[in-house]
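The structure under discussion appears below in the form of C-alpha cells.
In what follows, chains carry the letters A, B, and so on, assigned in the order in which the sequence lines appear, proteins first and then strands, with residues in each chain numbered from 1.
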Protein chains: 2
Amino acid sequence: MPVGNESTRLSAQDWARAALKAIAHGGLAAVAVEPLARTLGVTKGSFYAHYRNRDELITAALTEWVRSHGEAGLSQYAAITDPAQRLRELLTTVVHAVQPLAPSVHLSLLGDRNDPRAQDAVRQVNQARLDLLTRTYRELGLPPDRAASRARVAYAAILGLLHLAQTDPAAPHSAVLADEATAIFLPS
Amino acid sequence: MPVGNESTRLSAQDWARAALKAIAHGGLAAVAVEPLARTLGVTKGSFYAHYRNRDELITAALTEWVRSHGEAGLSQYAAITDPAQRLRELLTTVVHAVQPLAPSVHLSLLGDRNDPRAQDAVRQVNQARLDLLTRTYRELGLPPDRAASRARVAYAAILGLLHLAQTDPAAPHSAVLADEATAIFLPS
DNA sequence: CCCCCTTAATACGGTTGCGTATTGATACGC
DNA sequence: GCGTATCAATACGCAACCGTATTAAGGGGG
C-alpha cells in the first residue's frame with residue numbers, strides 16, 4: 001500500500017496535526033500526550049516513538065503552523081499583481097472566512113503569549129502578513145512610513161475582526177462589513 | 001485599623017485581584033489555588049475560607065473585570081459630549097496605553113474563549129464598547145447601519161493594535177500610529 | 001524468508017493541583 | 001478581657017499527566 005492514507009499506524013505528522021487541533025481548541029495547555037493519544041485511539045506509549053517529549057511535539061506543531069500561515073500561505077495573494085485588487089482580496093477573504101467559527105490557532109496562541117515558542121510563532125506570521133500589506137500600500141503610492149503604519153492598522157483590524165467573530169454570537173452581515181472595511185482601508 | 005490596607009490578613013478581594021493578575025499572565029489555567037497561595041505568601045488552606053472552590057474565584061474575578069472594563073470603565077469617555085473629541089480620545093488612549101506591555105486580561109481570555117465564563121465576560125465588555133462606538137458614529141452623522149459596521153471595524157482595529165503591541169517587540173512610534181488611526185477612523 | 005525497525009501496549013514512579021478535615025491563631029464586638 | 005468570627009497551617013486522599021522502562025506485534029528490505 002504505497003499511497004493510501006488510511007493506514008492503521010500513525011506518523012509524526014498525525015501527532016502534529018492533532019496537536020494543532022488541540023491548540024486551536026484549548027491553547028498549548030491542551031497539548032497533552034495522554035488526551036491526544038485517547039483521541040487518536042492509541043495509548044501514549046506510541047507517542048514516544050515519534051517524539052522525545054511533549055516539548056518536541058509543540059515545537060513541531062508550531063513550526064508547521066508558521067510554515068503554512070507565513071509566506072507560504074500568503075503566496076496566493078502575493079501573486080496578485082494589481083495592489084488594489086490584492087488588498088480587496090485580502091480584506092474580503094478575511095471578513096468572510098471569519099464566520100465558520102473554526103477555532104483559530106492564532107487566537108489560542110494569543111492566550112499563551114508568555115510562552116516564548118508561541119510568541120515567536122505569532123510574531124513570524126504577523127511579520128509576514130505585515131510585510132505583504134506594507135508592500136501593497138507602497139505599491140498603491142503611499143510613502144514608506146505611512147504605508148507601514150497604515151498596514152499596521154489594517155492588519156490590526158483584520159485580527160480584531162477575527163477576535164470579534166470568534167466571540168460574538170451575533171453574526172453581522174459580512175457583506176456589509178466587507179464593504180465597510182474596503183471603503184476604509186482602500187487608500188484615499 | 002478602620003482604613004489602612006496593609007493588613008497582614010487577606011480578603012476575598014485580594015484573592016480576586018491576584019486571580020486577575022494570573023489570568024492576564026497565563027489565562028484561566030493560571031488561576032491555580034496553590035500557586036496563587038504561594039505568591040500571596042500563604043498556604044491554600046486559607047483560600048477555602050474565602051471561596052468554596054476554584055470556580056467561584058474565577059467567576060468572582062471575571063465579574064470584577066467585566067464591571068471595571070464594561071460601562072463603568074467607559075464612563076469617562078461617555079461623558080465627553082463632542083463625539084469627534086470622544087472618538088479621538090478613545091483611539092489615542094488605546095494606541096498609547098498599549099505600550100506598557102501590561103499583560104492584558106482581555107487577550108488572555110481570548111485564548112480561553114471555549115470556556116463559557118470567559119466567552120461571556122469578553123462578550124459583555126465588547127458589547128459595551130461597541131455600543132459606545134456605535135453611538136459615537138451615529139452622533140457624527142452616520143446612518144445607523146453604517147455606524148454599526150464602522151464601529152465594529154474601528155473596535156476591531158483597537159483590539160488588533162492591542163494584540164500587535166503585546167506580541168511585537170518592535171515598538172512602532174505611537175504618535176505616528178495614533179495619527180494614522182484617527183485619520184482612518186474619524187469619519188469622512 | 002527472516003531479521004530488525006517502527007509502532008504500540010502496559011506498568012510504574014513522580015509531580016502538580018483540587019478539595020476536605022482538623023486544628024491553631026488572631027482580631028474585633030461586647 | 002473573653003468568646004466567636006475569620007483567617008491560616010497541616011495533612012490527607014484523589015485525579016491528571018509526564019516521562020521511562022519493558023515487552024509485544026507487524027511489515028518491509030536484505
Side-chain angles (χ1 to χ4, degrees), chain A residues 1-62 108 111-112 114-118, chain B residues 1-62 108 111-112 114-118:
Chain A
M1 194 188 298
V3 258
N5 44 6
E6 35 167 334
S7 152
T8 173
R9 293 161 83 95
L10 300 177
S11 69
Q13 271 244 351
D14 294 320
W15 285 94
R17 267 194 278 269
L20 272 183
K21 235 178 258 179
I23 289 175
H25 195 276
L28 291 189
V31 181
V33 176
E34 279 158 321
L36 277 185
R38 277 195 288 274
T39 73
L40 287 175
V42 296
T43 61
K44 71 171 173 171
S46 84
F47 167 79
Y48 291 93
H50 301 283
Y51 295 95
R52 268 209 301 267
N53 51 39
R54 174 176 175 269
D55 267 16
E56 253 191 16
L57 172 63
I58 289 178
T59 300
L62 289 182
S108 289
D112 288 302
N114 317 352
D115 187 296
R117 297 163 304 192
Chain B
M1 195 188 298
V3 252
N5 44 5
E6 35 166 335
S7 151
T8 174
R9 290 162 83 97
L10 300 177
S11 68
Q13 271 243 352
D14 293 320
W15 285 93
R17 267 195 278 268
L20 271 184
K21 234 177 258 180
I23 289 175
H25 196 277
L28 291 188
V31 181
V33 176
E34 280 159 319
L36 276 184
R38 276 195 288 274
T39 74
L40 287 175
V42 296
T43 61
K44 71 171 173 173
S46 83
F47 167 80
Y48 291 92
H50 301 284
Y51 296 95
R52 269 208 302 268
N53 51 39
R54 176 177 173 268
D55 267 15
E56 252 190 17
L57 172 63
I58 289 177
T59 300
L62 288 183
S108 289
D112 287 303
N114 318 353
D115 187 296
R117 296 163 304 190

Output the rounded distance in Å from CZ (B:R52) to P (C:dC18).
17 Å
Measuring from the side chain of A:E34 (C-beta onward, heavy atoms only), which nucleotide among D:dC18, C:dA9, C:dC18 has the closest atom?
D:dC18
Ion pair B:D55/B:R117, N-O distance below 4.0 Å
yes
A:A49 side-chain proximity, nearest of D:dC18, C:dT7, C:dC18
C:dT7
Is the distance between the ring centroids of B:Y51 and B:W15 less than 6.0 Å?
no
Of the candidates D:dT10, C:dA8, C:dC18, the side chain of A:S46 sits closest to C:dA8
For A:Y48 and D:dC18, give me the distance from atom OH to atom P, rounded to whole Å.
6 Å
Using atom NZ of A:K44 as one end and atom P of C:dC12 as the other, report the distance to the nearest whole Å.
13 Å
To the nearest Å, how far apart are A:R38 CZ and C:dA8 P?
17 Å
With syn defined as a glycosidic angle within 90° of 0 and anti as everything else, classify C:dA11.
anti
Starting from P on D:dC7, measure out to CD on B:Q13 and report it in whole angstrom.
13 Å
Gap between atoms CZ and P, on A:R54 and C:dT16 respectively (whole Å)
14 Å
Which nucleotide in the set D:dA9, C:dG17, D:dG19 lies at the smallest distance from any side-chain heavy atom of A:N53?
D:dG19
Between D:dC18 (P) and A:Y51 (OH): distance, integer Å
15 Å
One pair to check against side chain to side chain contact (heavy atoms under 4.5 Å, CB included): A:L20 and A:V31. What are the steps and the verdict?
CA-CA 8 Å; A:L20 272 183; A:V31 181; over 6 Å; no
Could you identify the nucleotide paired to C:dT26, looking across every strand shown and requiring Watson-Crick or G-U wobble geometry with both distances under 3.5 Å?
none
Could you walk me through whether B:V33 and B:Y48 satisfy the side chain to side chain contact (heavy atoms under 4.5 Å, CB included) test, starting with their C-alpha distance in whole Å, then the side-chain angles of each, then the deciding distance to 0.1 Å, before giving a yes or no?
CA-CA 9 Å; B:V33 176; B:Y48 291 92; 4.0 Å; yes
Heavy atoms from C-beta onward define the side chain here; which of D:dA9, C:dG17, D:dC17 lies closest to that of B:P35?
C:dG17
Between CG of B:L10 and C1' of D:dA8 the distance, given in whole Å, is 9 Å
A:H50 vs C:dT6: side-chain N/O to OP1/OP2 distance below 4.0 Å:
no
Sugar-phosphate only, base, or nothing, as touched by B:F47 at under 4.0 Å among non-hydrogen atoms:
nothing
Which atom of B:V42 lies closest to which atom of B:S46, heavy atoms considered:
CG2-OG, 3.6 Å
